[in-house]
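Below: one structure, written as structure tokens.
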Amino acid sequence: MSKFSRTTVTAALIYANGPIHIGHLAGCYLPADIYVRFLRLQKKDVIFVSGTDEHGVPITIKAQKEGKTPQEVVDFYYKEIKSSFQDFGISFDFYGRTSDPVHHQFSQDFFLKLYEEGKFVEETTMQYFDESANQFLADRYITGDCPSCKQPGAYGDQCEKCGTTLSPNELLNPKSMLSGASPVLKPTKNWFLPLDQWQGELTKYIDSHPEWKPNVLGQVKSWLQEGLRPRAMTRDLNWGVPIPLPDTEGKVLYVWFDAPIGYMSMTTQLTPDWEKYWKAKDSQVVHFIGKDNIVFHCLIFPAMCMAHGEFQLADQVPANEFMNLEGDKISTSRNWAVWLHEYLQDFPGKQDVLRYTLTSLSPETKDSDFTWSDFQTKNNSELVAILGNFVNRAFVLIDKNFDSQVPVKSAESSLESDLMLALKDIPAKLDAALATFKFRDALVIAMEIARLGNKYLAETEPWKVIKEDREKAGSILNFAVQLVAQSAIALEPFIPFTSNKLREALGMSEYSWTHIGDFDLIPAGQTLKNPGLLFDKIEDDVIQLQIEKLNKTKNQMELASKSVPNIKETIEFDDFAKMDIRIGEIVAAEKMEKSKKLLKLTVKDGIKERTILSGIAEHFNPEEVVGKQVSFLANLAPRKMMGIESEGMILMAEDADGSLSFVQPDKKIWNGATVN
RNA sequence: GGCGGGGUAGCUCAGAUGGUUAGAGCGUUGGAUUCAUAACCCAAAGGUCGGCAGUUCGAUUCUGCUCCCCGCUACCA
């Protein structure tokens, strides 16, 4: 048996800056909920906590854009997210938030303990500071021209136009997003957790869990192999958990420091007994997360807990991969998603259909794809045809022939013993699948009961038997009712709303996981209340509507991306005259070793041959560019990339579809010609 | 380029510490049936398990190389 006597289940804290979609649900909340319901049905001691992560820079930026305070923003989304989860039956024992004072206090205490025990390294680094706003600027608070594509509007960590990852001091013309002023570099002190010092213990910890999923171990080992580096646990920002030290005005805990601590602080709000769930050696901690959170939950948070010394490390971290939507990555900013609140408007009362579909398409081992057509098929050929149909057959037959009373069971024939034999393995198989987080498999196994039910009815034909032997027909239907009841239990973790309906219809008050396989669950004579059809067929036009809805957003996004960018700030002639653009001929080209994007070009400029590195390897082969006359910027300061110096920049025009085109003279002219 | 994940039936995916006919669901085809939401039940067809080599008595499963997809990462002057 398990060496644990209780289980603490967490689901990733979701960032409170937008509504939630099917990807969130499929990623960790649904699997976590299934697991927790499974444990509860076994009467195990389990708690399930999660909440919203409400700190960090993106929320402050969103607040600023909408003219609200960060608190107003997170208050709104906390409510919306919490109610979406509730609507879909995600059965948290406590759903908290990191802006809660309890959480602030708790994470400050955590930080202080590490601080007092000397677990941090203090380091002073240079950061951009906005003098007029009197505060340091986080990466996302700095905007400027992208050093790569030259377009304005790049952020300190990334240019969203060309996708380049940046660091703030690379930006040209950096501007503070707070005041528009040019920021200055100033020293600032932050506290680092020296992950490198924990590398040995972390490695031991990871090695002690060979049973973790390959995607989790793979990513973690990759980090360990590269060697861990100290990571700042504090930030210069006003929105967050203030550092509990003197003279730290304007500094807060790093969101990734305080967020996972939220699991604990939320537990303190759930039960005064919270320490048991986090500190007792016989408590099992299970984190359900998406693959983007693996490193934090498997390395950084464990390192924090090791440094702290009192808390149990995670025993299981079942991380899912990502779910795509109709072949494309789900994206909040591109509005490419099925939002839970919109789904409920379009499919009222059909929470279970989505839960069922998402579970059976769950990205357990690799990225998966949600399509509306799959959704329709799952509903029509499985929920309606297998489960709904079986339940309906049983109820209708009893309503018609036995006045809605469960008939008496009589002697068993070989058909019944076959049936019971077929069911015998199901509980163990179901347990094994659920305990190892194979929810897709588990769902198939749970559905097997209804499949057996349909088969049993087809074989026994009670609608024929009733004409000659009423008692025998009654017995058959008694068996059928027991199967319905067992289905209700086995499917509870997956489709709790339906399970609930069934239990009410059957008048089941007491039930537990061990009743799967029990054929005396519903006593003879019990009056049934036909629940009506459990599921409706979903017709093509309904699905078509959803697909059209998605196509519409897709078209809109394409239109938006095709729109011609705004004209940049006006410049003087002198500014233009500074640029020395010339025509040259590419006489040689080769792919750069170890680079996906760079081509090394040799360009004849009329004076000499110069080397220019250009990021066009994904668009052109070396052979096809040789011999072309192109325009290039001749007086750009040389820059070393991948060990080779680039002397200039090739001018490229970008088409609406992202493809590139050289800017060429329309007749052959002499190399070195200037462009004015 | 580095690191990681994946490439198995028309589709979505399981699986094998190497061993007789490689599995499931959906889809397709044929049959049976009418209690049931044209649902259910039975049966069949369908796979050189990404490619090439190697280890082995034997590989789809192990090793090496290679191609393709996804993610992280460096690189687009």
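Excluded from the calculations below are hydrogen atoms, water molecules and symmetry mates; all remaining heavy atoms, backbone and side chain alike, are included. Convention: sequence-line order gives letters A, B, ...; per-chain numbering from 1.
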Which nucleotide in the set [options] lies at the smallest distance from any side-chain heavy atom of [X]?
| X | options | result |
| --- | --- | --- |
| R393(A) | G15(B), C35(B), U37(B) | C35(B) |
| L361(A) | C40(B), U37(B), U12(B) | U12(B) |
| L598(A) | U37(B), C75(B), C40(B) | C75(B) |
| E321(A) | C35(B), C41(B), G5(B) | G5(B) |

Kindly give the atom pairs (protein nitrogen or oxygen, nucleotide nitrogen or oxygen) under 3.5 Å for nucleotides 66-71 of chain B.
from   : atom 1 : to      : atom 2 : distance (Å)
C70(B) : O2'    : D367(A) : OD2    : 2.9

Item checked: Watson-Crick or G-U wobble mate for U60(B), both contacts under 3.5 Å -> none

Check: Across all strands shown, which nucleotide pairs with U29(B) by Watson-Crick or G-U wobble geometry, both distances under 3.5 Å?
Finding: A43(B)

Base, sugar-phosphate, or nothing: which does [X] touch, judged by heavy atoms less than 4.0 Å apart?
| X | result |
| --- | --- |
| L534(A) | base |
| L397(A) | base |
| L613(A) | sugar-phosphate |

Note to self: Please give me every residue in residues 463-478 of chain A whose heavy atoms get under 4.0 Å of an atom in RNA chain B, ordered by residue number.
What the structure shows: W463(A), K464(A)

Note to self: Base contacts versus sugar-phosphate-only contacts with protein, heavy atoms under 4.0 Å: please encode nucleotides 22-31 of chain B as B, S and - from 5' to 3'.
What the structure shows: ---SSS----

Margin query: It should be established whether K221(A) places a side-chain nitrogen or oxygen under 4.0 Å from OP1 or OP2 of nucleotide G4(B).
Written below: no

